[in-house]
Every structure is written in structure tokens, then in C-alpha cells.
> 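This is the structure, below, for whatever I ask next.
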Amino acid sequence: MLGYVLLLLIGLAVVSYFFARRRAIAAVQGKEHELHSRPSYHGAYVAAWVGIPSVLLVLVWLLLQGPVIDSLLLWSLPIGTTDGMSDGQIDLLLSEIRSVAAGNIFGEPSPVVQEAAERYQSWKFIARWAMAGVAMSVALVGLILASGRISPEFRARHGAERILSGLMIACSLIAILTTLGIVLSLLIEALRFFDRVSPVEFFFGLNWEPQIPIREGQVTAGGAFGAIPVFAGTLLIALIAMAVATPIGLYSAVYLTEYAHPKVRAVIKPVLELLAGIPTVVYGFFAVLTVAPALRQFGETIGVPIAPNSALAAGAVMGIMIIPFISSLSDDAIAAVPRAMRDGSYAMGATKGETITKVLLPAALPGIMGGVLLAVSRAIGETMIVVMAAGIIASLTANPLKPVTTVTVQIVTLLIGDSEFDNPKTLSAFALGLVLFLVTLALNVLALHIVRKYREQYE
Amino acid sequence: MSDAQPIEPAAGAEWNSDKARRRVRRRYAANRRLQAYGIIAISIAVGLLGVLVASIVVTGYPAFVQTKIDLPIYVDPAKVDAEDPASGKYRSLVREALAKVVPGVPENQQRSVGKILTSDASYILRDYVVEHSDAIGKTITLPLALSDPFDQLYKGVIPKELDALSWVQVRWFERMTNRGVVAEHDGRTSLKLDVYIDPATVDAGPPPSGDFDGLARNSLQAYLPKVHDTSQFDMLANDAPAAIEKRVAADPAIVGKTVQVFFSVSLPYAALAKGEIPKITNPRFTDAQLEAFEVIEQKGLLRTPFNWELLFNADSRFPERAGLAGAITGSFYALLICFMLSFPIGIATAVYLEEFAPKNRFTDLIEVNINNLAAVPSVVFGLLGLAVFLGFFGLPRSVPLVGGMVLSLMTLPTIIITTRAALKAVPPSIREAALGVGASKHQVMMHHVLPLALPGIMTGTIIGMAQALGETAPLLLIGMNAFIPSVENMGLLEPATSLPTQIFSWADSPERGFVSRTSAAILVLLGFLLIMNVVAIALRQMFQRKW
Amino acid sequence: MDAKVEAQPTVRVQAPVVAAKKRDEASAAQHDVKLAAGGVNLWYGEKQALFDVNLEMFDRSVTALIGPSGCGKSTFLRCLDRMNDVIDGCRFEGEIRLDGDDIYAPKVDPVQLRARVGMVFQKPNPFPKSIFENVAYGPRIHGLATSKSDLEEIVINSLTKAGLYEEVKDRLDDSGISLSGGQQQRLCIARAISVNPEVLLMDEPCSALDPIATAKIETLMDELRDSLCIVIVTHSMQQAARVSQRTAFFHLGKLVEVDETSQIFTNPTDVRTQDYVTGRFG
């Protein structure tokens, strides 16, 4: 249905393009040069007025239709049906009505539900046709109004270009809307979380056990939301990752920029960048399949017990993923040091190594630092590797051989298979998400600032 | 300046002194060391990439073939009603067919032997018969997949027999041998251990009683002080406590003393002492299954054709039947949505910012936003999708439409940034030339700049799509990891899964067969990524223009 | 600003007079050849940049290399301390003798050679380190100082000789980049002489500087010449006339003419030299 409506609207826009074109030509009896704008601009102008408002209307209609019908449905239920129901139960009732309406009947639905389902069915039917009708009439109104303006003097090109500019500006706003959406959704859900759990407990508590009873009377732990162990675990894994990636990435960059033959560089650089193109879920599986068992085996050999989901395995694999970030950003930073510095150093009789360690690296340090910060932000926000290879239980330890959990692991495990946002367990994921977003944002802004300052220094 | 001291000419000889030469040698050594570190670092990085790819390929390639049995099945009209073929007794038909191939299996073992075939066997037969109703009453030969353990066994991924002892256990025994406590006693390999008959735990009797097992363990532990693993005690045969008991019974006076006792070792260790490698049957198989399997193998009924089902089947609980069709379809739908949204929006944004936007606070804000969005962790986009698309707008869970929308938000910055670079690369002279002949700014854009920048834009878009194809976390959060056993009902608004989330789900599955399926799925995913990147690079090469 | 520029000529006129006087005194004493280039050919990839250059440079005197842009004078200068080695695809043929030893001989180590032959570049290129560390760099890597006080002495000495010490003695820990252009260039000279080189190569050392800074550096060269062999590439014929005793004219990668500076500027033998010094091209 929706597809047909959209297709119809688009078809109508195309038709009105040709219609308006022809009309513009007819308006000057075929002498096109008498038109202010070329006929195709008249066509485009009218087509835009036909297509854009109606399609927008359909989209808005679709977004609002669900909530509106839901509230109508609740309102139409016999009085007292929803008394004393929690939000979650109401949602459950609604989805039951919906599934009954869709024909998936499990067991014997109550007459109230059956009746509501029938109402739902008919309202949906009405809504669909209403949508189609309203959209078509908006399109027709657009057609009539816009084509009424066609005349030799009409500046259709200006009109069409203004519409295009408007569309472009609207598209640019999506970036801002996305950021706004992220900030607002995280903030609102996080505030709802802090309504139930005090921020002091969240930021300073040492105990993270978010498993709280979902149904009443269920016996589980009470739920504790002290996020320090989660933060500590995140830092530990990020630290291990950086300890793996920084030396390898930095030395690779040094070799590639200063020592390697251009041909070697042309081969090795893309190979290193391959590491960055591998999806993180692959790294996660690699950690589980190869790295963790290998570490465990190694631990057995030297008599040190290593947990199968140790921080070391997850961090090391994350380090591999981060190597290309560090190496390419360091590469850029070292290459940005002016040739004059190299010349000055060589002219003093310095060897290549001395030039690198005593002149180039210190000069490139801000750029490298910026790259490292970006990599840290990447490590903190990385999800799949830790979800697959790190632990779920939050424990406060600095021992890399023990399992720890991270912010991202908690977000994923708290939200998988659970879409109700009315308990602290799921809401806590948004609080963690907010912290994650703010920290990575701060790291990025700082890193970009440092890198920009560094570039300016040599420009 | 006039007080400057005259510069003494450096003596040329100084540079040739031994000391100076040593110093130069040291400096060059330091230089070579740095170079070596660089080579080592690169070797490690490339080596790790190699290990990653190798371990995925090695575990994944067996999944590209599937062990199948060509099982002749007599479709008994007594068990399948031609009027209603869907409700025949297919399970027993399959069992009978298998019994014909492997006769003489005792009644109580038939069930276990039946597990050689995939659990879906009866459904495959049913589907076949429903489609070919003329098969009723005939004997048909149907290729049926073997169940996962036997598939793995036939491919040689898992062995029929396992080493009975881990190499650590072997080393413990070696240590015992080196200490000279392994001896032949009464024709059995035994350990000659010092046992302190602790009066606190042993009552001399008669009859003697007490914790003899504990004593035996303690005495063994004394020889392996650093080992804290109970599997060391498997070294002693079951009669170890009895050996002490016998000694105490023979001479109650030894209570409270340390005596030497011969403990016979358990069978695997006895074999080890004889220089054999002790084996046990793989606990995943029963002997009856292995016998039946051998019969089937000898009759030449097994083949390993290319596993098309990996690509054309949807997901299944049984690894031997699970395929990627559902995941590929889901990923395709999500990418389609992602492309349809992010391509026009991205280009429009880039064109506006690069060509039309005035330089002011507002456009600065947009730019900063785009740059920061590019660095927001992907899981945060998942939270956004969950809270806004699912929570606020009430779109359905798990559907490719929402997945595509979330992915498009993540891809937008990539497309915008590459498009802007492509637009920048079009030289201003072309714009000026077009403006010079009276084209409007929009016309210059649409007629000249965009067509010239299009290859660059396409390259960036494909790379963005490739990134989106590999994204997992946001799709997990909006639930695009549904179990999809059939591709028939898939659509933009139906629950779906995607390639990366399928990989995640399979990686989490306990069945051994899913390990190699996961690797195979990864290889398929990497294959798609490779193709996309090659296309992107080819585009760039083909249309690269030197201005 | 304008007033300052007007004031320049007085300073600039002074210098040649001093130089000329000194040159006369010196020319008698100096005849030992410090550097001698013989049959130097050089290619960048396929392109030949130098054609059979033969040139002798004397100790305790300033040799100026002049010529139009792209004539190979800077390239030749870079051959003298093997700085071209660093460039990929550069091929050298011929010999350059420092005190009679070929510096392109296989046993010669460019690292040691460059300690004996210092170089100052067109654009001041102090390292992004402190003033002290900039000058201490050479002594450190070559191990010339055995103690911290030794090092300090060398640094202060070099800065003094470069005429910079008085200006920076209170801020030796400031970044070298914080100095003005002229100070930066003198810092680079101090850095170059910190390892007691025998030869100092200067590649258009004043082209990025204002006239006052230029005058200071020219005076400095005059002082340094007492103990060094200086080879300077310059774009300015006036500068060549002011600071050098001998001048070599390069054109299209070939050495056209070399003689006493006064001879080149007043009575050149080659017509191309004449055209150049009289300003007909270049």
C-alpha cells in the first residue's frame, strides 16, 4: 500500500513535469526563446510542488499514525480495562491486539481484545485510504497552484533553484538533527535512570549488578548500579590495546616514512590499512577462536591460569585493530615535519636514526599524541570485540589475566532482547551510553584540536 | 663580537682516532637497531593479519563443502498417503532406509545411529515427496546432509579418537619417571611413593579404616608440589586406596610411619609407560554410531559436494542445515535503505557546504557536527535508533528499514567528507568557464561539477557502504539478529538478520559445526567487502583525471 | 617602515669596503686548496643537473657561487657535504677532495664528513627545541662534550661566535622557533659551527632575511672566514661582491668562469658572465 502510494506520487510528479513543460512551450506558441526560463525548469518547478509536499506528508503521516491509532485504541477500550496497569502491561495489551488483528492468534483472546482488534483493523484500513486520499489531493493542489504560474515571464529557474537550495539546506540539517537526537535520547533516558538510581551511586559505586527482577516476585539480586568497575574494565582493556598498538603502529610509521623503499611502502601501507577495513565482529571471533585459547595454552605452559575471556585477549585483539589508526596518523604527522628539519639534522652529521629520534619524533609529537588520543577514543567505543571476547560480570581488578567488562559490553548485554524502557536495568544502558558519548566526544575534540594546532605550526 | 675566540681548526686526525671510529660504529648500530624495530613492528602487524586470515580460512573452508549421504529411500505407499503427502510417516521411512544400508543395528541403538543424519532429514524427504508425488511407491535416492559431528568427522576436523592424556598430564608423568618412582610391580606399571600413614585419619583396625584415598592423593601431590589440578590424580588406578589398606592390614604398626607403597597407575598411563600414545573414543560418538558410520563409508555412499546450502539456505538450529541466505537478504535490504537515504542526502549536504553555504556560525556548526559524528562510537548510534526510531516513532523492531536508517546516519559523514573532497578536486577554472558563459550557480553545479566529481563520490559511497555492511553493534541493539529460518517472508518491514549479526549469533552457538560456519560466514562477508573495495578502487583508477 | 628601508644603503655600502680591505690582506696568505671538485657530473633520475664541474675552493676565504635560478649552484653546494645522498634517484660522478681526500670514496662516512663540513640553509631551520638544545645537538650526537659544563661551554662559544649570545643569554631555554628570522639564521650558523667544522657551506643564507639581519650575517661571515673555508651560494651579486674573495659563475649546470671576485665583476672573460653581472639576464 505504502509503496503504491509513493510510486503513484512519484509518477504524478513525473507526469506533471512533462505537462508543465508542454504548457510552458504552448504559452509562447513554441517560440522557446521568449520564455524567461527553459521549459524544463517550468517542469521541474511544478514537479517539485507536486512531489515534495505530498511525499513529506506521507512520511509524517506514517510516523504519527501508529501512536495516534494506539491512543485512540486505548481510549476506546471499555472503561476500567487499563486501570491499574503499568506502562509495560499496556504495551503488552496493545501488541496483543495488534497480533490478533494480524491474524496470529495464540490461545483464546478475550472478547475485549477481539473487539479492539477489529476496531484496529478497520481504523488502519481507514487511515491508509485517508493517507492516500490526502496525499493525492495535496499533490493535485500543488499541481494546480504551481502550473497556474506558468507564463513567459515566470522565473521558473529561480523558483526551481530556490527549492533545490531549500532541499540542500534541509539535508545539511540532518547532521545536526542526528547529533541532537543522540544527545536528547541519551540525556532523557539517562535522566529517567538517575530518577531511580542516584548519580552518586552510579559514578562512585563499586558494585555493578544490574540484574533486577523484571517480573514481580521473581527472586534475583536487588540490582546495584555502581559503574566504577565497568569504567575501570573499559580503561584496562583500552590500556592493553594501546600498549599493543602504540609501539607497533609508531615503529611501523617510522620505518615506512623514513627507511622503506617507496615500492615497499606502496605495498605495506595498504596491507596495514586492510587491518582497519576488517569488520570488528571478525576481530571478536578471532579473539575467541584463536587468541584466547592460545593465551590460555601459553598460561598453562608457564603455570599461570589465564581466564578464557581475559582482559588481555580482548585488549590485545583490539590493539591489532587499532594499529592502522596509530600508524597512519603517525605517518601523517612525521611526513608533515618539513624537509628543512631533516636537512638541518643531516647537515649536522646526524644518522637517520638520530634524525628520527632526536628531531622528527619530538617535532611530530603533538600530531602523534593527537593520533593516540583518537585511537584511545576508538578503543573505548569499540563494541563487538569486547562483547565477544571480554567478560560480562563486572569485577574491579587490574589483573589483565582476569575477565573484566566494559561500558559497551554492558550496553549491548543490557539491551539485547529487551525493548521496554521502564526499568533501571535498560535505562542504565543509556546512562552508560551518555558517559561513553561524552568521553569519546571530548577525546575527539581534544585530539582534533591538537592535530590542527600542529598542522598550523608548519603551514 | 670582536671578542670571539678564534676557531681552532679541527684536527682531521681526530675523526680517524679509534675512539671516534668506535663512536660512529655505535651510532650506526643504533640506527640499524631503530630500523630493525621498524621491520619487526611491521612484521608483527602483517604477521597478525596473516594469522587472522589464516585461522579464519583454516577453520572456515571445511564449511564450504558438506558431507552428504546418497540414501536410497523406499517411499512406502503404506506410510505416505498420496492424497495428503504432507502428513506421511517420513521419520520411519528414513529410519527404514538407514536400516537397509546398515543392517543389524539393535533396536535400542537405532535412535542413536539415526543421529548420523541431520535432524531435518524427515522434513527434507517430506518436502521432496510433496513436490514429486510420483515418487510414492518408488525408491528414490536423496542426498541428505550428515549431522554436524559426523560431517566434521568425515572432513577430518574432529577425530574418532582423542588423546587420553593432555600433554600436561604426559609431562607430569615424565617428571615422575625422571624422579625414578615409576617401576614395574607385580607385572603392572606402578608408582613407588612414600606414604605417611597419618594416625589422625587412619584407624589400624582390624579391619583398617580411614581416608586411604586422601593419603594416596597426598603422597602423589608431594611429588608434584606445584601442580594444583585434580586431574593429576587420574594417574593412580582405582585400587590405590586399597593398596594402602592392604599394607595397613598386613602390618598395623606402620600407622604413624612413612612407608613406600606401590600404586598401580591407571590404564592410559600404563600405555604411556610402554611408549604408546593412549587413546580413547571421542565422547561425541557412541561405538554403535562409529560402526554404522564405517559401514556407510565403506559402501561409498558419502560425498562432499560444494555446500550451496551455505549460501541458499536460511538459518537453522542444526549447523549442517544453516545457511546465509537470510543474512545476505537482510543485509541487502538494510544497505539498500542506507544507500537510498545517505547517497542523496550526503551529496546534497556536501554540495551545499562546499559550494553554496555562506561562511557563518551556522555552517561551522554543521561542519563540526559532521566531523564529530564520524567519530561517535557505533553502539551510540544503536542507542539512538533504539530510543528514537523504535521508542519515539514506534517503528517495528528487528526490521531492515530501521537498520538501514541507523546505518545511513553512520555512513553520512563518510559520504559527505569524500564528496566534498571530490568536489574540491574539480578545478575552479571549470566553474569559472561555465559561469563565464552565463550559467547559474546551480547549473554549473548540476551540469559540470557534479558529473566530474561523480567517480570520486561513487568511490566514497561504496567505501561507506562497505563500512556499513560490516557494522554489527547498532544492528544488535535494534534487534536485527532475529532467527530467520526462511527467506520467503522477508521484506523491509519484516524481522530480519544481517551478515555481521548472523556471524555474531553463530559465534555464540555452542555446536561445534557453527565454528566453521562462522568462519565461512566471515569469509563470505570479507568476500563482499573485497568486491566492494575492488570496485571502488577500479572506479577511482578508471576515472582518475589529471587536471 | 619606509624610513627604515631608506636607511639601509648606508649599512650596505659599508660592508664591501671592509670586505675589500680584508680581502687584500688575506689574498696573500691564502693559497692552500681546501676543497677541490674534479669532473663532477650529477643526475636527478634521467635529468643531468651538473656537467663536468671543476672548481677549487681555498681555505680561510669565501667562495661565492652565483648564477641564474636552476643553474645548479645549490646542487653543487649540496655535493660538497654529500647532502644529495639523501635524495632518491640522485647519481653522482667525479671526485671532490677535502684536504686531498676524496669525500666520495667508499670508506668515507657521510655522517663524519658532515661534521667536518657544516651547512646553513636558505630558510632558517632551527629544530623545534630550545635554543640551547639546538646548538647542543651536534656536539651531543658526535660526542664532542664529555661533561655538562663542556657542553655549556661549546654552546656559549658557538653562540658567541655567531654573534647571538648577548641577545639570547637570558632565554637559552626558549624555543628556537620563537626567535626572529635573522636570529634564527644566526642560531643555525651557531649550530653549524658548534662541531668545529673546517668548511661552512651556505645556501643563500640571507634570502629570507631583511637587510639589517643580512648585514649582520655578512659581518659574521667575514669574521668566520679567519678560520674556515666558506662556500656561499647567493642570488645577489652585490652580496657576492661584498663577502667573497673568489666567485664562480654557473650557467645551465656548467661552471662558466671562476676567478677573483673583483675580476669577475669588473672584467669577466666569458660573455655569459658579462651578461649576467651586468643584469642582462637572470
Side-chain angles (χ1 to χ4, degrees), chain A residues 63 66-67 161 164-165 167-169 171-172 174-176 178-179 181-182 185-186 189 247-248 251-252 254-255 259 268 271-272 274-275 277 279-282 285-286 288-290 300 303 320 323 351-353 356 377 381 383-384 388 408 411-412 415-416 419 421 430 433 436-437 440-441 444, chain B residues 27-28 30-31 34-35 37-39 41-42 44-46 48-49 51-52 55 59 168 226 345 348-349 351-353 356 365-366 369-373 375-380 383-384 386-388 390-391 393-394 397 409 412 440 442 470 472-473 476-477 500 503-504 507 518 522 525 529 533:
Chain A
L63 289 178
E161 287 180 358
L164 192 60
S165 291
L167 280 179
M168 288 195 295
I169 293 176
C171 288
S172 314
I174 290 195
I176 291 188
T178 307
T179 310
I182 290 174
S185 58
L186 291 180
E189 305 291 343
I248 296 181
Y251 278 120
S252 305
V254 163
Y255 183 79
Y259 287 107
I268 297 288
V271 170
L272 283 188
L274 271 186
L275 282 171
T280 54
V281 68
V282 178
F285 186 62
F286 176 59
V288 178
L289 176 77
T290 309
E300 255 175 30
I320 300 174
I323 290 172
T351 61
K352 214 164 209 179
I356 293 164
S377 135
T383 309
M384 289 322 292
M388 295 171 83
T408 47
I411 293 176
V412 171
L415 288 178
I416 275 195
S419 61
F421 302 150
F430 285 89
L436 176 67
F437 175 70
T440 51
L441 186 70
N444 280 312
Chain B
R27 289 171 57 198
Y28 274 118
N31 178 41
L34 184 64
Q35 188 169 5
Y37 291 154
I39 291 175
I42 287 180
I44 291 177
V46 175
L48 286 172
L49 177 67
V51 171
L52 191 158
S55 65
T59 51
V168 184
K226 283 185 191 154
I345 295 178
T349 307
V351 168
Y352 178 70
L353 290 179
F356 293 97
L365 183 70
I366 296 179
N369 252 306
I370 290 168
N371 286 333
N372 283 329
L373 277 184
V376 170
S378 59
V379 70
V380 172
L383 289 174
L384 169 79
L386 194 55
V388 174
L390 301 191
F393 290 135
R397 230 178 121 75
L409 293 184
L412 260 182
S440 74
H442 283 82
T472 320
L476 275 185
L477 287 198
I503 290 169
F504 175 68
T518 311
I522 286 177
L525 174 64
L529 291 181
N533 279 294

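Numbered from 1 within each chain, the chains take letters A, B, ... in sequence-line order. Scope of the values below: all heavy atoms of this structure, side chains included, with no hydrogens, waters or symmetry mates.
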> So which of B:L525, B:I503, B:N371, B:I345 has the biggest tally of heavy-atom pairs under 4.5 Å with chain A?
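Among B:L525, B:I503, B:N371, B:I345, the one with the most close pairs to chain A is B:I345.
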> Tell me, side chain or backbone of B:A30 under 4.5 Å from chain A's heavy atoms, or both, or neither?
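Neither part, no heavy atoms under 4.5 Å.
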> So, do B:L52 and A:V282 sit near enough that their side-chain heavy atoms are less than 4.5 Å apart?
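Yes, their side chains come closer than 4.5 Å.
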> Can you find a pair of side-chain heavy atoms, one from B:L34 and one from A:Y251, that are under 4.5 Å apart?
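Counting from C-beta outward, B:L34 and A:Y251 do come under 4.5 Å.
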> Checking heavy atoms, do the side chain of A:I176, its backbone, both or neither come under 4.5 Å from chain B?
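Its backbone and side chain both get close to chain B.
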> Any non-hydrogen side-chain atom of A:L436 less than 4.5 Å from a side-chain atom of B:V379?
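Heavy-atom side-chain distance check passes, below 4.5 Å.
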> Identify which part of B:I522 has an atom lying under 4.5 Å from any heavy atom of chain A, answering side chain, backbone, both or neither.
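B:I522 touches chain A through side-chain heavy atoms alone.
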> Which atoms of B:L383 come close to chain A, meaning under 4.5 Å heavy atom to heavy atom: side chain ones, backbone ones, both, or neither?
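Both parts, heavy atoms under 4.5 Å.
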> Between B:P377 and A:T440, what is the shortest heavy-atom contact and its length?
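The answer is CD-OG1, 3.5 Å.
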> Name the option with the most non-hydrogen atom pairs under 4.5 Å to chain A; the candidates are B:L409, B:V388, B:L529.
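Answer, by heavy-atom pair count under 4.5 Å with chain A: B:L409.
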> Please state whether the side chain, the backbone, both or neither of B:F504 comes within less than 4.5 Å of a heavy atom of chain A.
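The answer is both parts of B:F504.
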> Chain B heavy atoms under 4.5 Å from A:V271: which part of the residue, side chain, backbone, both or neither?
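Both parts, backbone and side chain.
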> Among the options A:G277, A:S252, A:S377, A:G381, pick out the one with the most heavy-atom pairs lying under 4.5 Å from chain B.
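It is A:S252.
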> What's the spacing between B:T518 OG1 and A:M388 CE if we round to 0.5 Å?
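It is 7.5 Å, given to the nearest 0.5 Å.
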> How close do B:A375 and A:N444 get, heavy atom to heavy atom, and via which atoms?
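Nearest heavy atoms, B:A375 then A:N444: CB-ND2, 3.1 Å.
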> In sequence, state the C-alpha distance, the side-chain angles, and the governing distance for B:L373 and A:T178, and then conclude on side-chain contact (heavy atoms from CB on, under 4.5 Å).
CA-CA 8 Å; B:L373 277 184; A:T178 307; 3.9 Å; yes
> Taking all heavy atoms of A:G181 and all of B:L384, pick out the closest pair and write down the distance.
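Where A:G181 meets B:L384 most closely, the heavy atoms are C-CD1, 3.3 Å.
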> Please round to the nearest 0.5 Å and tell me the distance separating atom OH of A:Y259 and atom CD1 of B:I39.
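The CD1 atom of B:I39 is 9.5 Å from OH of A:Y259, to the nearest 0.5 Å.
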> When rounded to the nearest 0.5 angstrom, what is the spacing between OG in A:S172 and CD1 in B:I370?
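Output value for this atom pair is 7.0 Å.
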> What are the two closest non-hydrogen atoms of A:M168 and B:V351, and how far apart are they?
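Shortest heavy-atom contact: SD-CG1, 3.7 Å.
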> Quick one, A:I169 with B:F356, criterion side-chain contact (heavy atoms from CB on, under 4.5 Å). Give me CA distance, side-chain angles, the key distance, then yes/no.
CA-CA 10 Å; A:I169 293 176; B:F356 293 97; over 6 Å; no
> Between A:L164, A:V254, A:L272, which shows the greatest number of heavy-atom pairs under 4.5 Å with chain B?
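Counting heavy-atom pairs under 4.5 Å, the top option is A:L164.
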> Given a strict heavy-atom distance threshold of 4.5 Å, which part of A:I411 is in contact with chain B: side chain, backbone, both, or neither?
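For A:I411, heavy atoms of backbone and side chain both lie under 4.5 Å from chain B.
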> With chain A, which of B:S55, B:G470, B:A507 has the greatest number of heavy-atom pairs at distances under 4.5 Å?
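Looking at each option in turn, the highest pair count goes to B:S55.
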> Let me know if B:I42 has heavy atoms under 4.5 Å from chain A in its side chain, its backbone, both or neither.
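Interface part for B:I42: both.
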> May I ask you to test the B:H442-A:S165 pair for a side-chain heavy-atom distance under 4.5 Å?
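SC-SC contact between B:H442 and A:S165 confirmed.
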> Nearest 0.5 Å, what's the CD1-CG distance between A:I320 and B:L49?
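That separation rounds to 9.5 Å.
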> For A:V412 and B:L477, work out which heavy atoms get closest and say how close.
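Closest approach of A:V412 to B:L477, heavy atoms only: CA-CD2, 3.9 Å.
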> Can you tell me how far OH of B:Y352 sits from SG of A:C171, rounded to the nearest 0.5 angstrom?
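That separation rounds to 11.5 Å.
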> Around B:Y28, counting heavy atoms of other residues, nucleotides and ligands shown, do more than 12 lie under 6.0 Å from its OH?
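For B:Y28, atom OH is crowded (more than 12 foreign heavy atoms under 6.0 Å).
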> So which of B:L365, B:N533, B:V51 has the largest heavy-atom pair count under 4.5 angstrom toward chain A?
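Ranked by heavy-atom pairs under 4.5 Å with chain A, first place is B:V51.
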> B:T349 and A:I174: side-chain contact (heavy atoms from CB on, under 4.5 Å), yes or no, with the steps?
CA-CA 9 Å; B:T349 307; A:I174 290 195; 5.9 Å; no
> Nearest heavy-atom pair of B:S440 and A:E161: which atoms, and what distance?
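Looking at all heavy atoms of both residues, the shortest contact is OG-OE2, 2.6 Å.
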> Side chain, backbone, both or neither: which part of B:L412 has a non-hydrogen atom closer than 4.5 Å to chain A?
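Side chain only.
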> Let me know if A:I323 has heavy atoms under 4.5 Å from chain B in its side chain, its backbone, both or neither.
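Looking at A:I323, just its side chain touches chain B.
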> In Å, rounded to the nearest 0.5 Å, how long is the span from CG of B:L476 to OG1 of A:T383?
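If we round to the nearest 0.5 Å, B:L476:CG and A:T383:OG1 are 9.0 Å apart.
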> Side chain from CB out, backbone as N, CA, C, O: work out which of these in A:T351 comes under 4.5 Å of a heavy atom of chain B, or both, or neither.
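Answer is both: backbone and side chain atoms of A:T351 are under 4.5 Å from chain B.
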